[in-house]
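A short write-up of the structure that comes next.
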Amino acid sequence: ARLGKKLGYEVFLSDKGKLADKYKEVLEELGVEYEEGQHTETKIFTADIVVKSPGIPDKLPMIVGLRERGIEVISEIEFAGRHTDAKMYCITGSNGKTTTTLLLYHILKEAGYDVGLAGNVGNSLAARVADNLHRVYVVELSSFQLDGMFRFRCDTAILTNITPDHLNRHHTMEAYIEAKERIAENQTKADVCVLNYEDDELQKFGEKTAAQVLYFSSARKLEKGIYLDGTKIICAADVP
């Protein structure tokens with residue numbers, strides 16, 4: 001809502017649940033019209049673009065109806081990415097993504113980078129982009145957020161692992177893997193994709209992604225990559 005308002009959109013926020021008072025205060029301060037406890041279809045179906053919460057399934061009748069009418073439905077991450085040229089270091093995975101995100105953010109911050117934390121941990125990326133706060137972002141991405149990304153590009157994508165998870169939403173392991181791999185979908189050979197060598201699915205993915213692949217392993221020595229040797233981290237690769 002904040003980014004949309006800054007860009008000059010006429011913003012309307014609809015929540016079928018109850019909005020917390022602190023969010024109402026922000027919306028009222030911004031001058032954003034909102035509703036709670038319902039979705040008014042006559043308003044929503046006249047939108048030029050809809051940014052939906054990642055928790056809302058694509059198969060929900062309203063989302064299906066929007067797309068049938070040719071109305072673009074995207075994630076907040078996708079919306080933010082269209083309006084910034086900041087570098088994006090993005091992390092996903094079934095396990096360990098929050099730890100990896102926080103650790104990378106800490107390392108970059110301590111190294112003196114103008115870095116912000118956003119996504120599934122920290123703050124909304126769109127709000128940070130609206131405030132134009134940083135030139136680099138470390139962004140944790142869930143499979144739900146990745147579902148709504150289409151043009152968003154990660155300068156560096158990190159996939160920690162892929163194990164069965166959220167199958168009540170994605171229904172099949174294949175669909176879940178496909179959602180996770182979207183993190184590198186728009187990468188080019190100028191970008192970097194960091195993959196766990198011990199994950200068979202990620203090894204397969206490493207053979208087809210367009211980005212420069214950098215493997216890591218905690219279980220074996222890699223001829224080209226980053227691996228753990230006792231208590232030492234060894235880099236046997238030209239890291240871009």
Side-chain angles (χ1 to χ4, degrees), residues 49-68 71-82 84 87-102 104-105 117-126 129 137-188 191-216:
I49 186 169
V50 171
V51 179
K52 79 172 180 70
S53 164
I56 298 173
D58 283 335
K59 293 186 178 181
L60 198 74
M62 176 166 283
I63 304 304
V64 173
L66 284 164
R67 289 185 166 137
E68 285 175 346
I71 299 170
E72 190 175 26
V73 181
I74 62 174
S75 69
E76 168 262 327
I77 297 290
E78 173 75 12
F79 186 51
R82 293 182 183 184
T84 181
K87 280 193 172 294
M88 299 290 172
Y89 293 78
C90 304
I91 299 97
T92 196
S94 302
N95 301 289
K97 58 182 176 291
T98 300
T99 302
T100 304
T101 301
L102 294 173
L104 180 56
Y105 169 70
L117 182 68
N120 205 42
V121 63
N123 300 297
S124 152
L125 181 60
V129 169
Y137 288 98
V138 179
V139 187
E140 179 186 325
L141 296 172
S142 69
S143 59
F144 295 178
Q145 288 169 313
L146 288 163
D147 271 342
M149 282 170 39
F150 304 97
R151 292 171 7 208
F152 184 88
R153 176 173 154 256
C154 308
D155 295 275
T156 296
I158 301 170
L159 287 88
T160 58
N161 47 54
I162 299 180
T163 57
D165 200 5
H166 298 305
L167 297 189
N168 59 328
R169 164 76 172 255
H170 298 288
H171 303 298
T172 67
M173 188 61 182
E174 289 75 18
Y176 176 60
I177 291 169
E178 184 179 328
K180 286 295 188 185
E181 291 180 346
R182 290 185 78 156
I183 195 172
E185 187 172 46
N186 297 315
Q187 287 194 297
T188 69
D191 303 316
V192 179
C193 188
V194 182
L195 302 174
N196 184 354
Y197 191 81
E198 302 309 314
D199 189 300
D200 291 341
E201 290 297 338
L202 294 182
Q203 277 199 42
K204 294 176 191 174
F205 182 63
E207 295 172 0
K208 60 185 180 182
T209 183
Q212 301 173 64
V213 174
L214 184 64
Y215 284 111
F216 68 90

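Starting from 1, each residue takes its place in the sequence as its number.
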With side chains defined as the heavy atoms from C-beta onward, is the minimum distance between [X] and [Y] less than 4.5 Å?
| X | Y | value |
| --- | --- | --- |
| F216 | N196 | yes |
| F150 | R182 | yes |
| D58 | K52 | yes |
| N95 | T160 | no |

Let me confirm one number: the [atom1]-[atom2] distance from [X] to [Y], rounded to the nearest 0.5 Å.
| X | Y | atom1 | atom2 | answer |
| --- | --- | --- | --- | --- |
| I91 | I183 | CD1 | CD1 | 7.0 Å |
| N186 | C154 | CG | SG | 8.5 Å |
| F144 | S75 | CZ | OG | 13.5 Å |
| L195 | T209 | CG | OG1 | 7.5 Å |
| Q203 | E201 | CD | CD | 10.5 Å |
| M149 | I77 | CE | CD1 | 7.5 Å |

Mind checking side chain to side chain donor-acceptor pair (under 3.5 Å) for [X] and listing every partner two or more places apart, or none if nothing turns up?
| X | value |
| --- | --- |
| E78 | R82 |
| S124 | E76 |
| N120 | E140 |

Quick check against the 3.5 Å criterion: does [X] have a side-chain atom that pairs as donor or acceptor with the backbone of [Y]?
| X | Y | answer |
| --- | --- | --- |
| K180 | G93 | yes |
| Q145 | S142 | yes |
| T156 | Y89 | no |

Practice item. Sequence neighbours left out, what passes side chain to side chain contact (heavy atoms under 4.5 Å, CB included) with T84? Give chain and number order. Key: A86, M88, V129

Review point. Can you list the residues that meet the ring pair (Phe, Tyr, Trp, His ring centres under 6.0 Å) rule with Y105, with sequence neighbours excluded?
Key: none

**Study point:** Residues which pass ring pair (Phe, Tyr, Trp, His ring centres under 6.0 Å) with Y215, listed by chain and number, not counting sequence neighbours
**Key:** Y197

Exercise for review: Applying side chain to side chain contact (heavy atoms under 4.5 Å, CB included) between L117 and each of L104, V139, T101, report the one that passes.
Suggested key: T101

Practice item. Take L159 and C193 through the side-chain contact (heavy atoms from CB on, under 4.5 Å) test and state the conclusion after the steps. Key: CA-CA 8 Å; L159 287 88; C193 188; 4.1 Å; yes

Smallest separation among heavy atoms of [X] and [Y], with atom names:
| X | Y | result |
| --- | --- | --- |
| A184 | F205 | CB-CZ, 3.6 Å |
| V213 | G206 | CG2-O, 3.5 Å |
| F152 | G81 | CD1-CA, 3.7 Å |

